[in-house]
K.L.:
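Below you'll find the structure I mean.
Worth saying up front: this structure is predicted, and the values here are computed from it rather than measured. Both ligands and their constituent atoms are indexed starting at 1 by order of listing.
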Amino acid sequence: MNNLNLEINNDIATLTFDLKNSKANKLSFEVLSELDILLNEIKENKEIKALVIDSAKPTIFIAGADIKEIEAMNTEEEVYEQITKGDNILNKLEDLSIPTIAYINGACMGGGLELALCCKYRIASTNPKTKLAFPEIKLGFFPGLGGTQRAPKVIGLINSLDLILTGKIIDAKKAYILGLVNEIFDDGQKEFKLNTFVQKAINGEIKKKKLSFMNNLLEKYSFTREIVYYQTQKSIEKKVNRDFNAPYMALEVIKQTFGKPFEEGIFIEAKAFSKLAATKESKYMIELFFMFEKFNKSYKKTSKPISDVLVVGNGVMGKGMIWLFSKFLNEVRIKLRKIDQANSILNSVAKLYSSSIKRRSMTKNQLEFKLNKISYTDKFNGMHNIELAIEAIIEDEKAKKETFAELEKVLDKNSIIASNTSSISIEELSSELKNKKNFVGVHFFNPVNIMPLVEIIPSSQTSKKTINRVMELLVSCGKTPIIVGDCAGFIVNRILLPYLNEAAFILEEGSSIKQIDKILKDFGMPMGPFILADTVGIDIGYKVSKILNEAYGERMTMSPLLDRVYNDLKLLGTKSKKGFYIHNGRDIKVNEEITEPYNLNRQFTEEQIIQRCIYIMINEASRCLEEGIVQSANVINFAMITGTGFPPYKGGLLNYANDVGLENVLNTLNSLYGRYGKRFKPSNLLIKLVENKKNFKTGDELWIS
Ligand code: NAI
């Protein structure tokens, strides 16, 4: 056996997962076949009174199925064949007549949790690394090794739907409350508590947790279950595009199989799982998962990671950063313009913690502790120990340069200065600094507490050490940094702004805010371009648009409508409660004054709107590759998914372009170029790819062959 060990002591068998040459335990084909052999052995051995399943890895029980193996399967039949083999092995575990106990210390995810559910009992350690979840939905499928069948029996229908459809991660305590585990052990209690638990299990003394009164009531009768299904369906529809089938299908499977005989249920589950796991959508979701892993590892660990940070500028972005660094670091200092701003800023930061308080993942005392790490000043002082100063003041080159000059005077010579500029060239911003090697662009996305992406933009002088230290810091704060070249707008804004601008052009031509927003949301964007402009801030959008226009000329001409909304109507968006929409709490209405002068009432087709808004981005992305601003199409796909919410199940912008066909994209761009002029002029790379009958290359390789 390469990956599993079986030991028998005093008639108690312990089966320990310890995957060879790996930090994590995974359920690969090889592991499952070893499990099969050992389960046969255990079944034959009539001396064994109980079986404990354990892991030799310090922070992982079983991290899930081997995703690479699922990724490699391309047909429904292939998946079905493998999944039924897996099912048969796990059924053997469930069918053992002796008490079986999973001891969960560390991550217990997906297939790992499904395996644990085949045991009669589960114990979880309260070690903070112990996390339980069904994350499959994030990969475009759902638990396919009996999870949809066994979880409802253990924790009920409602709790199972919640875990399976959201992929949410829970800790040991929550798992105990739900009844997903029968017992929790504090760290270090295993030695003396496990044996007692096993003996109790042998004696049949372990009781199953009952469902809550309300859940029991809702799950007991078929008509109340229908209400549960209906509400679940509605809540999925609110959040998930219909093109992403996994949660819809998971709900359908559970609905069809709840209360049915196991054999029938598991067959339906396997069939539906096989269908999903073979889809392109799922392959793209897996690709995204691996990209996250890759980018999060693309730095070298240093002996002294950054721990003390200064934030200059306390607007939307500054507050987000103060929250982030206070959450993860030792000390955060804020440079205020006026000292009396401090209270309101600290209150806003505290508000960003409120969801953690609500979810009870943080206590009020812990919040106090985090807020106490924040110190402030209205002068450039008390900054000698600062290792990184990040600037998030208004998007104004002169003001930013003045700030850097002040910072350089007071910071240590090894300290890093970073700018959160959305669009100004990093080369230019660093031009007056003495110590250019310690200066770098660090572009967060709004809202900082939600968006995982950060663009790192080195100038020609930025040192590798600076880049590495910043990347290490960001990953330790749960962000995923990508390195992009220095150009106006970097990657995400440079590609996204033409999309927002094009939406404004279409609006001017007589479409409506509602129609455009709806079509692009239905396409899969998390929100339409106008609601997005309001959320980001029309002032920010306008300023970035202006900078891009100056940098790229006629190709990025700003729509007169955007100019009017900002300069004449003086609208800012959500922050002033009025932009393309009027925002009144949850009540959001279209702001009719915007379209008054243009009310032509022209109908545009869905295809026209999608082509104009999306293909213009594909074209700009193609230019970014052509200019070497990024090294591969996958960086763009990743950036657009994580920075703008471009539908991940479409594989990001350039996988989508490949799928609709580059020739098709080029022909459409050519005809739009003829009609609307330079902003649609096809990029040379796109023309070259079509001539050579090639696609944008995704994967690790560079785009140039
Ligand atoms: P904001 O308008 O909310 O905040 C700007 C802050 O700068 C305010 O605290 C203001 O008091 C301060 N400020 C204004 N003039 C100043 C000066 N001369 N010296 C020092 N401080 C000054 O702006 P927001 O949205 O936080 O943006 C800040 C920076 O982050 C900008 O460079 C922006 O381009 C960039 N950014 C903005 C994003 C967004 O979605 N809002 C996303 C990513 C980057």
K.L.:
Would one find an N or O of T403, backbone or side chain, under 3.5 Å from an N or O of ligand 1?
P.N.:
no

K.L.:
Give the residue, atom name and distance (to 0.1 Å) of the protein heavy atom nearest atom 43 (C) of ligand 1.
P.N.:
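For this ligand atom, the closest protein heavy atom is F444 O, 3.1 Å.
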
K.L.:
Tell me whether the count of non-hydrogen atoms from other residues, nucleotides or ligands lying under 6.0 Å of CZ in F604 goes above 12.
P.N.:
yes

K.L.:
For N314, counting its heavy atoms only, list the atoms of ligand 1 lying under 4.0 Å from any of them.
P.N.:
9 (O)

K.L.:
Is any NZ, NE, NH1 or NH2 atom of the basic residue among E428 and K401 found under 4.0 Å from an Asp or Glu carboxylate oxygen of the other?
P.N.:
yes

K.L.:
Taking the non-hydrogen atoms of G537, is any one of them nearer than 4.0 angstrom to ligand 1?
P.N.:
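Outside the 4.0 Å threshold, so no.
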
K.L.:
Check ligand 1 against N446 and write out every atom of the ligand that is under 4.0 Å from a heavy-atom position of the residue.
P.N.:
39 (C), 40 (O), 41 (N)

K.L.:
List the closest protein heavy-atom neighbour of atom 13 (N) of ligand 1: residue, atom name, distance to the nearest 0.1 Å.
P.N.:
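Checked against all protein heavy atoms, atom 13 (N) of ligand 1 sits closest to R337 NH1, 3.6 Å.
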
K.L.:
Nearest to atom 1 (P) of ligand 1, what protein heavy atom do you find, and at what distance?
P.N.:
G315 CA, 3.9 Å

K.L.:
In the protein, what heavy atom is nearest to atom 32 (O) of ligand 1, and what distance, to one decimal place, separates them?
P.N.:
E395 OE1, 2.5 Å

K.L.:
Does this structure show an ion pair linking E627 with R494, if we count only N-O contacts that are shorter than 4.0 Å?
P.N.:
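Yes, charged N to carboxylate O under 4.0 Å.
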
K.L.:
Indicate whether any N or O donor in one side chain lies under 3.5 Å from an N or O acceptor in the other, for H443 and N420.
P.N.:
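Short answer, no.
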
K.L.:
Could you find the nearest protein heavy atom to atom 29 (C) of ligand 1 and give me its residue, atom name and distance?
P.N.:
I393 O, 3.2 Å

K.L.:
Of all the atoms in ligand 1, which lie at a distance below 4.0 Å from a heavy atom belonging to H443?
P.N.:
43 (C), 44 (C)

K.L.:
Using a 6.0 Å distance limit plus a 45 degree cone around the ring axis, check whether K327 lies over the aromatic ring of Y353.
P.N.:
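Judged by the rule, K327 and Y353 form no cation-pi pair.
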
K.L.:
Within ligand 1, which atoms have a heavy atom of V316 less than 4.0 Å away?
P.N.:
3 (O), 25 (O), 26 (O)

K.L.:
The test is salt bridge (charged side-chain N to carboxylate O under 4.0 Å, His left out); show your working for K335 and E391 and say whether it passes.
P.N.:
CA-CA 9 Å; K335 161 69 179 66; E391 162 280 312; over 6 Å; no

K.L.:
Tell me the protein heavy atom at minimum distance from atom 2 (O) of ligand 1, and give that distance in Å.
P.N.:
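That would be K575 NZ, 4.4 Å.
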
K.L.:
Specify the protein heavy atom at minimum distance from atom 30 (O) of ligand 1: its residue, its atom name, and the distance to 0.1 Å.
P.N.:
N420 ND2, 3.0 Å

K.L.:
Ignoring hydrogens, what is the shortest heavy-atom contact between S459 and T462? Give both atom names and the distance.
P.N.:
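That would be N-OG1, 2.8 Å.
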
K.L.:
I'd like to know if K364 and E368 make a salt bridge, using a cut-off of under 4.0 Å between side-chain N and carboxylate O.
P.N.:
no

K.L.:
Is E427 salt-bridged to K436, going by a charged N under 4.0 Å from an acidic O?
P.N.:
no

K.L.:
Where's the contact between I540 and ligand 1, heavy-atom distance under 4.0 Å: side chain, backbone, both or neither?
P.N.:
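Looking at I540 and ligand 1, just side chain atoms fall under 4.0 Å.
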
K.L.:
Nearest non-hydrogen contact with atom 26 (O) of ligand 1 belongs to which option: E406, K335, M317, K400?
P.N.:
M317

K.L.:
For ligand 1, which atoms sit closer than 4.0 Å to a heavy atom of A399?
P.N.:
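Selected atoms, number and element: 18 (N).
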
K.L.:
Identify, for atom 33 (C) of ligand 1, the protein heavy atom at the shortest distance, and state residue, atom and that distance.
P.N.:
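Ranked first by proximity to atom 33 (C) of ligand 1 is S422 OG, 3.3 Å.
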
K.L.:
Measure from NZ or CZ of R555 to the centre of the six-membered ring of F680, then state whether that distance is under 6.0 Å and the direction lies within 45° of the axis.
P.N.:
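So R555 doesn't make the cation-pi contact.
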
K.L.:
Is the terminal nitrogen or CZ of R612 (NZ for Lys, CZ for Arg) located under 6.0 angstrom from the six-membered ring centre of Y676 and within 45° of that ring's axis?
P.N.:
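Yes - R612 lies over the ring of Y676, closer than 6.0 Å to its centre and within 45° of its axis.
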
